[in-house]
Amino acid sequence: MSDFIIYNTLSRKKEVFVPINPGHVGMYVCGPTVYGEAHLGHSRPAITFDLLFRYLKHIGYKVRYVRNITDVGHLVNDADEGEDKIARKAKVEELEPMEIVQMYTNSYRRNMLQLNILPPSIEPTASGHIIEQIAAVEQMIASGFAYEVNGSVYFDVEKYASVHSYGKLSGRKIEDLYTNTRDLDTQSEKKSSLDFAVWKKAAPEHIMRWPSPWGEGFPGWHTECTAMSTKYLGEPFDIHGGGLDLMFPHHEAEIAQGVACFGHEPVHYWMHNNLITINGQKMGKSLGNFITLDELFFGSHAMLEKAYLPMCIRFFMLQAHYRSPLDFSNEALQAAEKGLERLFKAVSLLEGLKPGEQSSIDVPGLREKCYAAMNDDMNSPILIAHLFDGVKMINSVNDGKATVNSADLELLKKLYQDFVFDILGLKSESEAGGSESQEVLGNVVDLLLNLRIEAKKNKDWVLSDKIRNSLTELGFEIKDTKEGFEWELKK
RNA sequence: GGUCGGUUGGCCGAGUGGCUAGGCAACGGUCUGCAAAACCGUCUACGGCGGUUCGAAUCCGCCAUCGACCUCCA
């Protein structure tokens with residue numbers, strides 16, 4: 001099999017993936033800040049890196065996947081007196097901050113489960129790693145790249161940039177950063193406007209606070225990822241993922257902090273997923289096109305024509321490459337929905353396929369192409385295109401227009417099991433166990449359709465059509481086959 | 001303003017020097033009592049203008065346009 005190639009943002013090139021420890025992979029992905037419902041935007045990195053997690057495991061790696069939960073809140077801005085997002089929300093809703101955190105963590109996990117996203121190996125919280133973060137800040141001070149002022153600790157970007165390259169990941173030049181930095185913090189205690197807080201002194205009204213060598217405070221917003229990723233994955237580790245929007249300054253800061261703490265870069269491969277637009281527009285609360293995952297699943301948003309099943313969302317995203325922007329619309333979603341249906345129909349057909357003497361279709365070749373697609377920087381849209389080629393094969397065999405021998409049939413079944421279910425992480429949602437009433441309903445439908453066969457035998461087309469049309473109106477899809485009939489309930 | 005990335009057929013979305021991406025929709029055909037499903041076929045596009053090349057949607061230049069980041073954001 002060919003090498004697994006991934007695009008490394010650091011080099012802006014596709015590179016062969018070579019793990020630090022043969023057979024093992026450590027990956028870290030920036031998770032959510034739990035101060036609100038999970039929205040459409042959260043699902044893209046979750047699905048992208050779930051695909052990576054699944055594929056790495058599939059090709060035989062033992063993977064430790066760490067995805068953090070940010071629950072101490074980020075600074076609103078440097079001028080802010082220290083109130084963080086979570087504390088602000090807590091005041092609004094008159095809840096304890098950790099209650100907010102718990103509530104939204106729960107709903108995030110539920111949404112992820114609905115999207116069939118595998119739980120990471122470790123899901124550390126920032127609040128649970130204050131000690132590690134303080135230790136990281138101490139290391140930064142010790143190496144001379146951070147300084148304390150009045151209870152806060154800042155990263156000395158200027159000093160760092162004089163020795164190392166600051167901005168290499170996002171392609172920024174330090175001079176440009178100077179000219180473009182917004183001022184207004186002239187009275188700031190920072191040495192330079194580029195410096196960022198790694199530990200922030202807590203104002204009296206600030207609720208979330210912890211003791212530290214510099215007084216009561218809370219960690220800066222880049223500190224947690226440095227502390228938690230290296231705690232569980234060592235340094236350097238293999239893969240760090242996240243959304244494109246986190247590249248600067250968050251990931252840039254992580255690199256600088258890592259170098260300051262350990263003397264070398266913390267990550268080998270940086271991977272970034274692209275963002276989602278809605279009808280060509282950026283998604284944002286101010287634009288009113290901000291859709292939460294629950295709204296999507298229930299269809300309860302003004303922009304949605306209907307509810308979309310989690311698997312439809314997942315499939316829709318996988319039909320685009322993770323590094324491409326993806327535009328979200330009702331039309332596109334409904335197209336994805338139909339395509340997914342067609343794929344699953346073929347998969348279920350596969351079970352009943354009868355092997356022949358010879359194969360007129362090239363199953364090993366198809367398998368080869370599927371792996372090639374995934375190995376090329378996880379090209380899921382190409383993979384899906386190949387799977388649809390396979391759908392044509394399956395349908396042809398089913399129609400007796402093509403043949404497949406038993407070895408190839410087994411290979412084909414394995415192929416769809418591997419790629420559709422294990423790697424793409426799709427699942428059929430209709431097979432939710434038949435309740436008793438559904439079973440009875442099914443029997444009634446069978447009874448009606450058997451009556452219709454009688455009618456057809458008697459060439460009583462009026463009665464025959466009446467039965468079929470009435471069932472169709474009720475939402476059933478009726479198909480006549482040589483053996484009799486098939487039906488399914490459309491929602 | 002700076003940096004980066006897009007602009008592909010009715011819609012979504014791959015590809016990236018010559019060879020059908022795929023899905024959805026539409027149309028025609030096969031099958032069927034008629035349908036549905038399935039199958040076969042059709043629709044064959046790459047923002048504009050120049051340049052390089054035997055050959056460019058793909059490389060280069062200019063222009064237009066959209067967006068992201070530069071501030072919390074997946």
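Bear in mind the structure is a predicted one, so any value in this text is a computation, not a measurement. Lettering follows sequence order; numbering is per chain, from 1.
A:Gln102 and A:Asn106 form a side-chain donor-acceptor contact under 3.5 Å, judged by distance and modelled atom types alone. Judged by distance alone, the side chains of A:Asp71 and A:Tyr104 never bring a donor and an acceptor atom under 3.5 Å apart.
B:G47 sits 40 Å from B:A37 when the C1' atoms are compared, rounded to a whole Å. Taking atom C1' in both B:C27 and B:G17, one finds a spacing of 34 Å when rounded to whole Å. Comparing the P positions of B:G51 and B:U8 gives an interatomic distance of 25 Å, to the nearest angstrom. Of the P atoms belonging to B:G23 and B:G55, the separation is 34 Å, rounded to the nearest Å. Between B:U44 and B:G22, the two C1' atoms lie 14 Å apart (nearest whole Å). Separation of the P atoms belonging to B:A36 and B:G28 is 12 Å when rounded to the nearest angstrom.
Within 3.5 Å, a donor on the side chain of A:Ser464 pairs with an acceptor on the base of B:G33, or the reverse. Contact of A:Asp465 with B:G33 (side chain to base): a donor-acceptor pair of N or O atoms is detected under 3.5 Å.
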Start with the C-alpha distance between A:Thr125 and A:Val72, add both sets of side-chain angles, then the distance that settles side chain to side chain contact (heavy atoms under 4.5 Å, CB included), and finish with yes or no.
-> CA-CA 8 Å; A:Thr125 60; A:Val72 305; over 6 Å; no
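A:Arg44 CZ: more than 12 foreign heavy atoms inside a 6.0 Å radius.
A close approach under 4.0 Å does not occur between any side-chain nitrogen or oxygen of A:Asn379 and OP1 or OP2 of B:A14. Contact annotation: A:Lys401 does not reach the phosphate of B:A38 (side-chain N/O to OP1 or OP2, under 4.0 Å). For the OP1/OP2 pair of B:C73 and a distance below 4.0 Å, the side-chain nitrogens and oxygens of A:Thr33 include no atom meeting the criterion.
Mapping A:Arg468 and A:Pro45 onto RNA chain B via the closest heavy atom, the residue that lands nearer the 5' end is A:Arg468.
The side chain of A:Trp461 lies closest to B:G33, out of B:A74, B:A35, B:G33.
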